[in-house]
Participant: 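First the structure, then my questions, so here it is.
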Amino acid sequence: MSATKAIAEDTTATFTGWASTGSLPLKKFSYHPRPLGSKDVEVEISHCGICGSDVHTMTSGWGELSGPCITGHEIVGTVVKAGPESVRQVGDLVGIGAIVDACGECKDCKAGFDQLCHKATFTYNATYHDSGAKSYGGYADRVRVNSRYAHKIPSEISAAEAAPLLCAGVTTYTPLKHFGAGPGKRVGVMGIGGLGHLAIQWAAALKADEVVAISTSDNKREEAKKLGATKFVNSRNEAERKAARHSLDILLLTSNDKNTDWAELIDYVANHGTLVLLALPEIPTIAVPPSSLLMRHVSIAGSLIGGWKITQEMLEFAAKTGVRPWIEKMPMSDANAAIKHMMEGRPRYRIVMETEAAARLQKH
Ligand SMILES: [Zn+2]
Ligand SMILES: [Zn+2]
């Protein structure tokens, strides 16, 4: 005999957001959150960035949804309720990224890679391992999470600018730290968008010898320099591409799809260098010419967001160095217009949606 465990929900509370059931447009959707646990906080959301992952998810690009899904994992807001063992207090300005739970005890959790934990719970379109409750993201008025994953926002960073740091920021900061970006290293960033414009800034702030921005057109040449790139390569310009061959110790690849030319990308990487994938495409496999790896000891690596420890470190580093996302603010009440703007590839470089709570923020 097996019994289905009832999923506890707090029927005294109703949160409302913009949900997808697998296609656009997003529609208004309300749900009862999980009961406020002793370590949990309830956050009144003032800002939420729009990440590429949100779009892949809401349009079923990564697979069918199991039910209405509120996306959004670049969440900033104010703590309005806190359980007795919460590490945050009512009134704190906090940020929530792409994971909201992990076991805290396994090898990966202890090593600061809690995003790889077997019990890691993504912020939306996922299920909590302990309770079976569904997780809902930040295109909403409120959210409840374990306070450990509600990161304290340093006072130097505005609430709106903090939002993209929670996913785009940590997704780019983590591999740069992991692969040793800094003096003596030449860093490349392929693709200047939501992720890339932060990656360039981090690499410059980490004092890499070279920060090379690579793009498929000249459109972003001047902006790349403003972001801190020491060099710009238009990958469609044969002379520039050839001059950059075998020159990068670390190359961050901010997006890839079925048209990605892997041989060309690997050609930019120096002997012993690493090409790091930061984004999951909507295709299941990639085809890489093996000789391009063997003959020059080039590695291909993947990197998934970042754990809670490095997320907090990244926020402090941004506060100290002045790294900030370039954002366009749009009202969350017009979420579908914001998504359209995002899908047309027009934002420079990250859209941050604001709720009515943004006007009530005091200090930030
Ligand atoms: Zn994201
Ligand atoms: Zn774990």
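In each ligand, atom 1 is the first atom listed, and ligand 1 is the first ligand listed. When reading the values below, keep in mind they use all heavy atoms of this one structure, side chains included, and skip hydrogens, waters and symmetry mates.
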Participant: Can you give me the SG-the Zn ion (ligand 2)-SG angle for Cys103 and Cys106, to 10°?
Facilitator: 110°
Participant: According to the interplanar angle, ranging from 0 to 90°, do the rings of Phe29 and Tyr31 count as parallel (below 30°), tilted (30 to 60°) or perpendicular (above 60°)?
Facilitator: parallel
Participant: So which of His32, Arg144, Arg34 actually passes side chain to side chain contact (heavy atoms under 4.5 Å, CB included) with Asp10?
Facilitator: Arg144
Participant: Taking Thr174 for its side chain and Thr171 for its backbone only, find out whether a donor-acceptor pair lies under 3.5 Å.
Facilitator: no
Participant: More than 12 foreign heavy atoms under 6.0 Å from CD of Gln89: is that the case here?
Facilitator: no
Participant: Flag Cys109 as yes if one of its N/O/S atoms falls below 2.8 Å of the Zn ion (ligand 2), otherwise no.
Facilitator: yes
Participant: Side chain of Gln115, backbone of Ala120: donor and acceptor closer than 3.5 Å?
Facilitator: no
Participant: For the Zn ion (ligand 1), check which protein N, O or S atoms are under 2.8 Å away and list them.
Facilitator: Cys51 SG, His73 NE2, Cys167 SG
Participant: Is the His297 ring parallel, tilted or perpendicular to the His272 ring (thresholds 30°, 60°)?
Facilitator: perpendicular
Participant: Would you find more than 12 non-hydrogen atoms of other residues, nucleotides or ligands less than 6.0 Å from Glu85 atom CD?
Facilitator: yes
